[in-house]
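Before any comments, here is the structure.
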Protein chains: 2
Amino acid sequence: MPPENNQIQGEGYLAVRTVIELTRTMDLLEDLLARHLAHFNLSQPKFNALMELYYAGEEGLPLSELGERMLVSRANITGLIDRLQRDGLVVRAVDPKDRRVIRAQLTPRAVQLIHGVLPLHMNLLKQATASLNPEEKETLIRLLTKLQEGLEKL
Amino acid sequence: MPPENNQIQGEGYLAVRTVIELTRTMDLLEDLLARHLAHFNLSQPKFNALMELYYAGEEGLPLSELGERMLVSRANITGLIDRLQRDGLVVRAVDPKDRRVIRAQLTPRAVQLIHGVLPLHMNLLKQATASLNPEEKETLIRLLTKLQEGLEKL
DNA sequence: CGAAAATATTTAATATATTTACAATTAAAG
DNA sequence: CTTTAATTGTAAATATATTAAATATTTTCG
């Protein structure tokens, strides 16, 4: 059972290292963002949903549309909106044009919360990436985009 | 409410883009790995736990140690080991030296499964990163490592 | 028009994660 | 050595995610 002749060599090494470093970086980043959002009783999914609704404007978004933008299932959106509604940050509104549709809309309290959180959040992202200079950030963005193009084909 | 004077400019732009591209890349990667592991009735957490136990050897690992290595809570390990035990891949063994400790150990079936999955998994990681040449992978690894160093200080 | 297909939301069962609280055991202090 | 500390695993409540199935409403088309 031990890993005697199991060392990763040559071509495989860089592939494994790339995946490991990506994973570690995201773990650290998610932890940082979660700690920040917790100060406002928000989680990352809640924050993402609020941001989508904020940029969508007054009419809000159909739950299905919100799910597509957040890349999560419709069933999950039901629960997420339930919790945001319970927090008083979102309301459900029927769509006058299609009675199958329910639109999620921000409450005034949610807009106020976002105005408080956004500048601090922006600042945190700057701090989080401050160890890279602008040129390095551009290189990283370019390499990640290239990697994504390959991943999308699989 | 609309985003009139909310555009992200200058220094902030690269920070936000960096975080967005990191997130998108990990989303794609996690999706690819999840789809692969699903062929073996495995999830990423289950696979990670099996790998830790595989490299730990015959005696397995105390549940608390496994939790530390996987960066998840002890309570979560309890449930994860429950499910792996139910799948017949892991057994719980009491530690003769410390009666507080329960060690998770792989079953022969788990070892056999790992021997089947590992080569395919290695291959998938190579494919997943094939859109970057070795030099680009090295640059990406270097930039991610540098980013991590900054993140760890926050 | 009216049956069939498509779309939208919810519910139920499950997986993975967290925090808090607790029981059992060990380690440490005096 | 015995009282106190810390450690380990588990349980309960909650958050987030999934798939599959049920329900309600359009749409489509023969």
Side-chain angles (χ1 to χ4, degrees), chain A residues 23 26-27 30-35 37-50 52 59-87 89-105, chain B residues 23 26-27 30-50 52 60-87 89-105:
Chain A
T23 305
M26 272 310 284
D27 281 353
E30 279 171 4
D31 192 65
L32 179 70
L33 299 182
R35 263 156 39 216
L37 291 175
H39 297 153
F40 303 92
N41 284 304
L42 289 176
S43 62
Q44 190 71 61
K46 282 181 178 177
F47 179 71
N48 291 344
L50 293 183
E52 290 291 349
E59 310 87 35
L61 290 175
L63 299 195
S64 53
E65 172 71 19
L66 182 58
E68 276 166 33
R69 296 197 190 188
M70 292 179 64
L71 303 176
V72 299
S73 67
R74 286 164 307 176
N76 182 29
I77 290 297
T78 293
L80 187 55
I81 293 300
D82 282 350
R83 291 185 290 273
L84 284 169
Q85 199 163 17
R86 203 199 48 200
D87 294 345
L89 298 175
V90 151
V91 292
R92 279 176 161 90
V94 294
D95 187 311
K97 306 190 200 82
D98 187 338
R99 276 184 296 172
R100 290 171 304 182
V101 171
I102 295 186
R103 305 184 80 93
Q105 300 173 342
Chain B
T23 305
M26 272 309 285
D27 282 353
E30 280 171 5
D31 191 67
L32 179 70
L33 298 183
R35 264 158 36 217
H36 174 244
L37 291 175
H39 297 154
F40 304 92
N41 282 306
L42 288 176
S43 61
Q44 190 71 62
K46 282 181 179 177
F47 179 70
N48 291 345
L50 293 183
E52 289 291 349
L61 290 175
L63 299 194
S64 54
E65 173 71 19
L66 182 57
E68 276 166 34
R69 296 197 190 189
M70 291 179 64
L71 304 177
V72 299
S73 67
R74 285 175 324 206
N76 182 30
I77 291 297
T78 294
L80 187 55
I81 293 301
D82 283 349
R83 292 185 288 273
L84 284 168
Q85 198 163 16
R86 202 198 48 201
D87 294 343
L89 297 174
V90 151
V91 291
R92 278 176 161 90
V94 295
D95 188 311
K97 304 188 203 87
D98 187 339
R99 275 184 296 172
R100 290 172 303 183
V101 170
I102 294 186
R103 306 184 79 94
Q105 299 173 344

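Residue numbers start from 1 in every chain, and the chains themselves are labelled A, B, ... in the order their sequence lines are given, proteins ahead of strands.
In terms of the side chain to side chain donor-acceptor pair (under 3.5 Å) criterion, A:Arg74 has no residue partners (sequence neighbours excluded).
In this structure, A:Leu89 and A:Leu42 have side chains that are in contact, with non-hydrogen atoms separated by less than 4.5 Å. You'll find the side chain of B:Asp31 stays beyond 4.5 Å of the side chain of B:Asp27, heavy atoms only. Counting only heavy atoms from C-beta outward, the side chains of A:Arg99 and A:Val94 never approach each other to under 4.5 Å. Under the 4.5 Å side-chain criterion, counting only non-hydrogen atoms from C-beta, A:Met70 is not in contact with A:Asn76.
Protein chain A touches strand DNA chain C; the 5'-most and 3'-most nucleotides with an atom under 4.0 angstrom of its non-hydrogen atoms are C:dA6 to C:dT11.
A donor atom on one side chain and an acceptor atom on the other are not found under 3.5 Å apart for A:Asn48 and A:Glu52.
Of the two residues contacting DNA chain D, namely A:Gln44 and A:Lys97, the nearest-nucleotide position lying further toward the 5' end is that of A:Gln44.
A sub-4.0 Å separation between OP1 or OP2 of D:dT18 and a side-chain N or O of A:Ser73 is present.
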At a cut-off of 3.5 Å, list every protein nitrogen or oxygen paired with a nitrogen or oxygen from nucleotides 8-11 of chain D, distance to 0.1 Å.
| unit_1 | atom_1 | unit_2 | atom_2 | d |
| --- | --- | --- | --- | --- |
| D:dT8 | O3' | B:Arg100 | O | 3.4 |
| D:dG9 | OP1 | B:Leu63 | N | 3.3 |
| D:dG9 | OP1 | B:Ile102 | N | 2.8 |
| D:dG9 | OP1 | B:Ile102 | O | 3.0 |
| D:dG9 | OP2 | B:Ser64 | N | 2.5 |
| D:dG9 | OP2 | B:Ser64 | OG | 3.0 |
| D:dG9 | N7 | B:Arg74 | NE | 3.4 |
| D:dG9 | O6 | B:Arg74 | NH2 | 3.3 |
| D:dT10 | OP1 | B:Arg92 | NE | 3.0 |
| D:dT10 | OP2 | B:Thr78 | OG1 | 3.3 |
| D:dT10 | OP2 | B:Arg92 | NH2 | 3.1 |

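Base pairing of D:dT14: its partner is C:dA17, meeting the Watson-Crick or G-U wobble criterion (both donor-acceptor distances under 3.5 Å). The base-pairing partner of C:dC22, taking Watson-Crick or G-U wobble contacts with both distances under 3.5 Å, is D:dG9.
At least one donor-acceptor pair under 3.5 Å links the side chain of A:Gln105 to the backbone N or O of A:Glu59.
Using a 4.0 Å cut-off between a side-chain N of Lys or Arg and a carboxylate O of Asp or Glu, B:Arg92 and B:Asp82 qualify as a salt bridge.
B:Asp27 has its CG atom 15 Å from the C1' atom of D:dT18, to the nearest Å.
For C:dA6, the glycosidic angle deviates from 0 by more than 90°, giving an anti base.
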